[in-house]
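All values reported here derive from a predicted model rather than from experimental measurement.
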Amino acid sequence: MKKVLATIGLFSSVLFFAQKSENYLQVGYASVCCGTPSDKPVMNYLAQFKSKNKVRNLEIYQETGRGREGEYNLYIGTDGLSRTQKSAFIKGLKATVNSQNKARKSESTGLVNFNENETVKKADLLDAKNLTLIPTSKTIKTK
């Protein structure tokens with residue numbers, strides 16, 4: 001009987017700790033006429049934040065096919081971050097997006113959109129088409 005209870009307890013704790021994020025921040029890549037901007041500045045920021053704050057994994061989804069010129073969204077899970085980490089993360093992400101938009105070379109270059117007050121729920125992502133999980137070990141590399 002003790003073994004059965006121990007086994008049930010072990011599997012229950014594994015399922016509890018394996019829960020994925022329920023809240024996501026949305027970063028949108030829009031095109032004005034000539035394609036979307038690069039996601040490299042945001043991905044570099046994610047890599048730096050991950051290594052600096054010793055975050056094990058950032059859950060990132062990419063939703064493609066949002067327009068004729070390759071528009072797409074990134075959804076970044078925030079449930080694995082503490083309150084102070086989340087605040088610092090949002091502040092840094094906002095600064096990165098603003099910096100990238102200010103560095104645009106022309107008015108025909110696409111924009112990066114980010115609203116720190118907008119949270120996307122996991123239930124909303126279930127209806128999304130062309131949604132893929134980006135493995136952070138492959139896409140986020142630090143120097």
Side-chain angles (χ1 to χ4, degrees), residues 3 5-143:
K3 290 182 181 179
L5 290 175
T7 305
I8 290 172
L10 178 67
F11 285 120
S12 297
S13 65
V14 168
L15 291 175
F16 176 75
F17 289 113
Q19 294 295 320
K20 301 291 183 187
S21 291
E22 293 290 326
N23 300 297
Y24 297 86
L25 296 174
Q26 177 181 333
V27 179
Y29 291 85
S31 173
V32 175
C33 85
C34 306
T36 59
S38 172
D39 64 357
K40 191 172 183 176
V42 169
M43 296 306 260
N44 286 341
Y45 170 73
L46 294 176
Q48 290 171 355
F49 183 85
K50 183 179 173 185
S51 65
K52 180 180 176 185
N53 293 285
K54 297 183 173 102
V55 175
R56 288 187 180 159
N57 191 15
L58 284 174
E59 188 177 7
I60 305 168
Y61 286 96
Q62 182 178 25
E63 181 185 17
T64 58
R66 298 194 47 86
R68 292 185 203 179
E69 296 181 4
E71 292 87 351
Y72 63 97
N73 288 338
L74 293 178
Y75 299 99
I76 306 162
T78 58
D79 291 348
L81 303 175
S82 69
R83 186 174 289 176
T84 54
Q85 283 179 329
K86 184 177 177 182
S87 176
F89 177 76
I90 290 173
K91 184 178 178 182
L93 185 59
K94 184 177 178 182
T96 301
V97 168
N98 288 339
S99 173
Q100 186 175 2
N101 285 334
K102 287 179 183 175
R104 290 181 354 158
K105 293 181 180 174
S106 70
E107 292 300 318
S108 62
T109 307
L111 290 167
V112 182
N113 302 308
F114 174 65
N115 181 354
E116 75 257 24
N117 297 320
E118 183 180 328
T119 303
V120 178
K121 300 291 183 185
K122 187 171 192 165
D124 297 331
L125 293 180
L126 294 176
D127 297 332
K129 297 178 182 177
N130 302 324
L131 191 67
T132 56
L133 179 64
I134 298 175
T136 56
S137 61
K138 292 183 180 178
T139 58
I140 299 177
K141 302 219 186 244
T142 57
K143 292 183 179 179

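Taking CD1 of Ile134 as the reference point, atom CG of Leu58 lies at 11.5 Å (rounded to 0.5 Å). Taking CG of Asn101 as the reference point, atom OG1 of Thr109 lies at 10.5 Å (rounded to 0.5 Å). Remark: Lys50 NZ to Met43 CE distance equals 10.0 Å, nearest 0.5 Å. Expressed to the nearest 0.5 Å, how far OG1 of Thr132 lies from CD1 of Ile60 amounts to 11.0 Å. Distance NZ/Lys86 to CG/Leu25: 6.5 Å, rounded to 0.5 Å. Between the CZ atom in Arg68 and the OG atom in Ser31 there is a gap of 11.5 Å [rounded to 0.5 Å].
Closest of all the heavy-atom pairs between Gly28 and Asn73 is CA-OD1, 3.1 Å. Taking all atoms of both residues into account, the shortest heavy-atom contact from Glu71 to Ala30 is CG-CA, 3.9 Å. Nearest heavy atoms, Gln85 versus Phe49: O-CZ, 3.4 Å. Shortest non-hydrogen contact noted between Ser38 and Gln100 is O-NE2, 2.7 Å. Summarising the geometry of Gln48 relative to Ser51, their closest heavy-atom pair is O-OG, 3.2 Å, with the distance given to 0.1 Å.
Asp79 places a side-chain N or O within donor-acceptor distance of the main-chain N or O of Asn23, the cut-off being under 3.5 Å. Using a distance-only test at 3.5 Å, with no hydrogens or angles considered, no donor-acceptor pair links the side chain of Ser87 to the main chain of Arg83. Although no hydrogens or angles enter the test, the distance criterion places no donor-acceptor pair under 3.5 Å between the side chain of Tyr24 and the main chain of Leu74. Here the side chain of Thr96 pairs a donor or acceptor atom with the backbone of Gly92 at under 3.5 angstrom. With hydrogens and angles disregarded, no donor-acceptor distance shorter than 3.5 Å links the side chain of Glu116 to the backbone of Phe114.
The aromatic rings of Tyr29 and Tyr72 lie parallel to each other, with less than 30° between the two planes, well short of the 60° mark.
Using a 4.5 Å cut-off on side-chain heavy atoms (C-beta onward), Leu81 and Asn53 make no contact. Counting heavy atoms from C-beta on, the side chains of Val32 and Arg104 come closer than 4.5 Å. Counting heavy atoms from C-beta on, the side chains of Val55 and Phe89 never come closer than 4.5 Å.
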Please walk me through it: do Leu93 and Ile76 pass side chain to side chain contact (heavy atoms under 4.5 Å, CB included)?
-> CA-CA 11 Å; Leu93 185 59; Ile76 306 162; 4.2 Å; yes
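A side-chain donor from one of Tyr61 and Glu59 sits under 3.5 Å from a side-chain acceptor of the other.
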